[in-house]
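Residue numbers start from 1 in every chain, and the chains themselves are labelled A, B, ... in the order their sequence lines are given, proteins ahead of strands. The figures here come from the full heavy-atom set of this structure, side chains too, leaving out hydrogens, waters and symmetry mates.
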Amino acid sequence: MAERLQGAGIGGWGLRSLLWAGVLAGCLSFGWAILSGDLLRAWQAYLVNLVFWLGVCTGSVTLVAIMNMTNASWGRPLKRLAEAGVAPLPVLWMMLLGLYLGHQEIYPWAREVPHGKGLWLSAGFLFPRDALVLGALVAVAAAMVYNSVKADREAMEGSEQGVQTRWRAQVSLSPVLGILYGIGMTILAWDLVMSLDPHWVSTLFGAYYFMGSLYTGIAWVSLLAALLHGREEFQGRVGASQFHDLGKLILAFCLVTGDFFYSQFLVIWYGNIPEETKYVILRVRTAPWNTLAWSVLVASFGIPFLALLSRKLKKNPRMLGALACLVLLGMWLERVLLVAPSVWSAGELPLGFTELGIGLGFLGLVGLLLLRFLSRVPWLPTGDPLYQKSWQMGIAQEALAGQGLSSQPGGGHG
Amino acid sequence: MSPKVLGVFVYLEDLLGAISLVRDRGGRIHTVYSPIHCEELLKAVGSRPSPVRFATLLGGIAGLLGGVGLAIYTFLQWGFVTSGKPTPPAVPLVVVGFEMTILLGFLSTLVSMWILCRMPRLRLPDHYEPGFSQDRFGLLVSCASMGMEDLTSLLRQAGAEDVRRVSG
Amino acid sequence: MSGKPNQLQTEILTYAQVQDLVLGAMGRPGRLYWAMVGFCLLGLLYGASCWAYQILTGMGVAGIMHPVMWGIYLVNFVFWVGIAHSGTLISAILYLLRARWRTSIARAAEAMTVFAVMIAGLFPFIHLGRVWIFYWIVPYPNQRDLWPNFQSPLVFDFLAISTYLTVSSMFWYSGMLPDLASVRDRSTGVRKKIYGLLSLGWQGTHQQWNHYGTAYLLFAAFATPLVISVHSVVSWDFALSIVPGWHSTIFAPYFVAGAIHSGLAMVLTLLIPLRRIFRFEALITLHTLESIAKTIVLTGLIVGYSYGVEYFMAWYSGNMFEWDTFIWRAVGNYAPQFWIMVICNVLAPLLYLLRPIRRSLGWLFGIAILVNIGMWYERFVIIVGSMAHEFVPYAWGLYSPSWVELSIMGGSFCMFFFLFLLFSKFLPTVSASEMKEALGPPLRGRLLRGEP
């Protein structure tokens, strides 16, 4: 497997220019909003996108960790695509620090310390701890991906021992990443999103955020797979069965995220305690947020659930990619729904040119960093023992399929 | 009832070979016995996807509509407001609908499986070989266009451990 | 593409050998077996007679008293429902995820589920007092013109538990049909007739396998969301109130993770002796037990996370009742139970991270027992602890179980082991047909599957 598998040449000038245009649009929108005095709007959009893309990228990398820990061999060809989520993370980490510049605008606790929470919700404690926690997460993720890419180099040089060492490193880093993800994203959710309304608490909020981020992560990987599966770097190893498995995973995370959403909603609805219901009523019953809430429900949970029951849709890359787009859009709107109502009190929805521009800016930034990563690494994880095994099993299956038999032991009664 | 021939096989590829041979010669396969669920075998015999899924869908929908419908009916009929919630309330009915969907969907799958498998069945057919549930495969072919002798020799050629004549 | 090829790593080569092993366990039981069955039966009867005593005398014989109106009957209810969950996890969810290590233990785990749900379902009746009016919760048109309140979490419970009992018992039974047929075919006389009836005339025709295969997949697909929903519904019995320490949005996933935690520990507790007694070492490998242990580490971490989040939110919310309840749990009258809970549920399973511990049967068993004890105390701390220390200080009060409650609880454990012992002797404990499938069909000249 010593072929040149570098992903060189991905994204010609056309794509790169588009992405740079997005980044430019983002800077211009942000700058314009700041200069015209609409700081609240600018920083609000900044926070929404930061929270969304942090979720997508960390979720994507954590999925690799989960795959490593469960010895999953199904999605191995897509490992590098999922690992690519680590590329934007250092920049997003810096942008988290950048949030400090605007925190006075959006966080009520920066203006007036809520009673009893002053210790936890002070900029001097909040930003360092978030930087530390996210920094640790990014560092471990980077180490894991570094080992993964290095393993491919070792495999190309034919060093079997090197491959094993790198694999063992990934296997030991994966649970650490999983734990840091769970705890880290919880703390980020509390500090960045829940604190926008300091008097509201929900014990499930952290888990809801990181589960939703895993959901966006898998949707993101599916979208990338749908866009890129035909390219020669994949050598045709990403096919209908990969998409079928991706579809099943998206469905599973859709159900889990929906279940977490419902758990919060039911408990708050039932208890009917004003301190808790205020938050929900604002988002679900009051105009203009109620239309947004219903759109999120339909786009993030309703349509994906119904659509993903169909086997045909799951196996079709184009349709799965389109669905993944819908999920990402729905979850982006969901982040808006979490953030904006606590901050924005004008009559209409904050979804105008400012938000569009800043959103495109973040998309462009993430896209550029992703391209940069993918153009420098091999796309197929040849140094991954599970990938090699799944590839050999695939060859053996094809060979024996000619004889009308399968080399696979039967998979249970299914 | 036409006379049939039963071949008992030890190895799967022998059985698959026999099936294709019988098919080529225009014979009619009545039943294949197997101790395990085997995809290749089902494909070779030409099994179509089981219609159990339709029963599942119908049962699930019936459960959803029935459960939620019953709950809404009870709220409208009694009209008793508890803890200030509206009657009927939408939020808790998700749970009711969910459980009833699963219950009726499951039960309809179960019953349709039993019916399609023709279970329960008190008496096994006379030609049933106890090895079929242990480690032997069986192929029951009816002598449609081929003679009894031809079929018997064909199955032996394919590698059958034992070939028997079955009446009816 | 599914998991690793031939992860069974067994020396078993032929179907006949699998069959011999599984059926060998169903041979004539010895004296020790009957002694154990007898002991459990006695315990069960003792518990049942205590229940009869309670019905005749009244609920006063239980320690339940204001303010703690939900005592260990409800603790046991939640405990047994929790135990039931990992059985379905192993048999249904791991089936959908195509995890190979599940095959040898799925049948026993499902049996554990069915018996645990049956026992769990008894406890609301026991707690009810006037057991003879239990049918009032069933929604049917009646002359009282009353319907159950479908908004109540207790009605959710009724629907969820009865659905779970139906689904899990039928799933277990359907999975056994091919194996019961194979027992029938190796038996004679009365035994043959009984197993013939039980196997419903299964012949293994291609049509039967076709329908069966599809149905089994659908069963597993139904059982999976059911598992999550049932324990979420049980958790909502508490979370939908406004009691401090109960009203918390994290309860649903927290309880589900805790249920799987306790259930997997019970699986280890049952399987390690079973494996030894029936000599199933070749079928239920150390690798399987290790995989269970690793999963227990994961669920233990989730439970630990939940404890941490609850404590943090109790402080962060600034709600003095919530914060006081959580402080009291750690240092109040039920502090010993609390610390047993934390040490047994969160700290003890971390030992499973060490490979020598994972591979030692004694340690596996011992830590599993600790987790069981810890999870029982967790339910105690949550249920009794919160009710004992609600909003108003003059309404605080303590609870300790009476001998009647403890006897009934002991009777329930005896019932569980009694049923499991009967299962282990009279029904196939390992799913022979699934094991055969995992080995792959017999091919001429090649007996061991997996290597091309």
**Q** Need one label for B:Val91: side chain, backbone, both or neither, based on atoms under 4.5 Å from any heavy atom in chain C.
**A**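 Interface part for B:Val91: neither.
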**Q** Identify the two heavy atoms, one from C:Ile228 and one from C:Val256, that lie closest to each other, and give their separation to 0.1 Å.
**A** O-CG2, 3.6 Å
**Q** Checking heavy atoms, do the side chain of C:Leu226, its backbone, both or neither come under 4.5 Å from chain B?
**A** both
**Q** Which bit of B:Arg48 comes within less than 4.5 Å of chain C, counting heavy atoms only: side chain, backbone, both or neither?
**A**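 Contact with chain C: backbone only.
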**Q** With a 4.5 angstrom heavy-atom cut-off, could you sort out which part of B:Tyr128 is near chain C: side chain, backbone, both or neither?
**A**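 Just the side chain, heavy atoms under 4.5 Å.
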**Q** Identify which part of B:Leu41 has an atom lying under 4.5 Å from any heavy atom of chain C, answering side chain, backbone, both or neither.
**A**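 Neither; nothing under 4.5 Å.
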**Q** With a 4.5 angstrom heavy-atom cut-off, is it the side chain or the backbone of C:Val233 that approaches chain B, or both, or neither?
**A** side chain
**Q** Between B:Ile72 and chain C, with a heavy-atom cut-off of 4.5 Å, which part of the residue counts as in contact: side chain, backbone, both or neither?
**A**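 No part of it gets close to chain C.
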**Q** Name the region of B:Leu124, side chain, backbone, both or neither, that has any atom closer than 4.5 Å to a heavy atom of chain C.
**A** side chain
**Q** Grab the two heavy atoms, one from B:Met148 and one from B:Pro3, that are nearest each other, plus how far apart they are.
**A**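 Here B:Met148 and B:Pro3 meet closest at CE-CB, 3.6 Å.
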**Q** Answer yes when C:Asp20 and C:Arg186 have at least one side-chain N-carboxylate O distance shorter than 4.0 Å, and no when they do not.
**A**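 Yes.
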**Q** Side chain, backbone, both or neither: which part of C:Trp236 has a non-hydrogen atom closer than 4.5 Å to chain B?
**A**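 Side chain only.
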**Q** Report which part of B:Val45 has an atom under 4.5 Å of a heavy atom belonging to chain C: side chain, backbone, both, or neither.
**A**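 Contact with chain C: side chain only.
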**Q** Can you tell me if C:Gln151 uses its side chain to pair, donor with acceptor, with the backbone of B:Pro92 under 3.5 Å?
**A**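 Answer holds: no.
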**Q** Considering all heavy atoms of both residues, which atom of C:Val230 and which atom of C:Ala160 are nearest to each other, and what is their separation?
**A**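 Closest approach of C:Val230 to C:Ala160, heavy atoms only: CG2-O, 3.8 Å.
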**Q** Against chain B, label C:Leu240 side chain, backbone, both or neither, depending on which of its atoms sit under 4.5 Å from a heavy atom there.
**A** neither
**Q** Quick check on C:Gln19 against chain B: is it the side chain, the backbone, both or neither that has a heavy atom closer than 4.5 Å?
**A**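 Just the side chain, heavy atoms under 4.5 Å.
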**Q** Under 4.0 Å between a side-chain nitrogen and a carboxylate oxygen: does that hold for B:Arg165 and B:Glu149?
**A**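 Result for this pair is yes, salt bridge flagged.
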**Q** Between B:Pro89 and chain C, with a heavy-atom cut-off of 4.5 Å, which part of the residue counts as in contact: side chain, backbone, both or neither?
**A**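 Interface part for B:Pro89: side chain.
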**Q** Please look at C:Pro225 and chain B and tell me whether the side chain, the backbone, both or neither of the residue comes under 4.5 angstrom of a heavy atom of that chain.
**A**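 The answer is both parts of C:Pro225.
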**Q** Which one of B:Cys38, B:Pro49, B:Pro125, B:Ser112 has the most heavy-atom pairs closer than 4.5 Å to chain C?
**A**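 Looking at each of B:Cys38, B:Pro49, B:Pro125, B:Ser112 in turn, B:Pro125 comes out on top.
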**Q** So which part of B:Val96 gets closer than 4.5 Å to some heavy atom of chain C, the side chain, the backbone, both or neither?
**A** both
**Q** Would you mind telling me which of B:Gln134, B:Arg118, B:Met119, B:Glu129 has the largest number of heavy-atom pairs within less than 4.5 Å of chain C?
**A**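 Most heavy-atom pairs within the cutoff with chain C belong to B:Gln134.
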**Q** With a 4.5 angstrom heavy-atom cut-off, is it the side chain or the backbone of B:Ile102 that approaches chain C, or both, or neither?
**A** both
**Q** What part of C:Asp145 is in contact with chain B, defined as an atom under 4.5 angstrom from a non-hydrogen atom: side chain, backbone, both or neither?
**A**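 Both the backbone and the side chain of C:Asp145 come within 4.5 Å of chain B.
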**Q** For chain C, find which of B:Phe132, B:Phe137, B:Phe98, B:Tyr73 contributes the most heavy-atom pairs closer than 4.5 angstrom.
**A**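 Option with the greatest count: B:Phe98.
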**Q** Between C:Thr205 and chain B, with a heavy-atom cut-off of 4.5 Å, which part of the residue counts as in contact: side chain, backbone, both or neither?
**A**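 Both parts, backbone and side chain.
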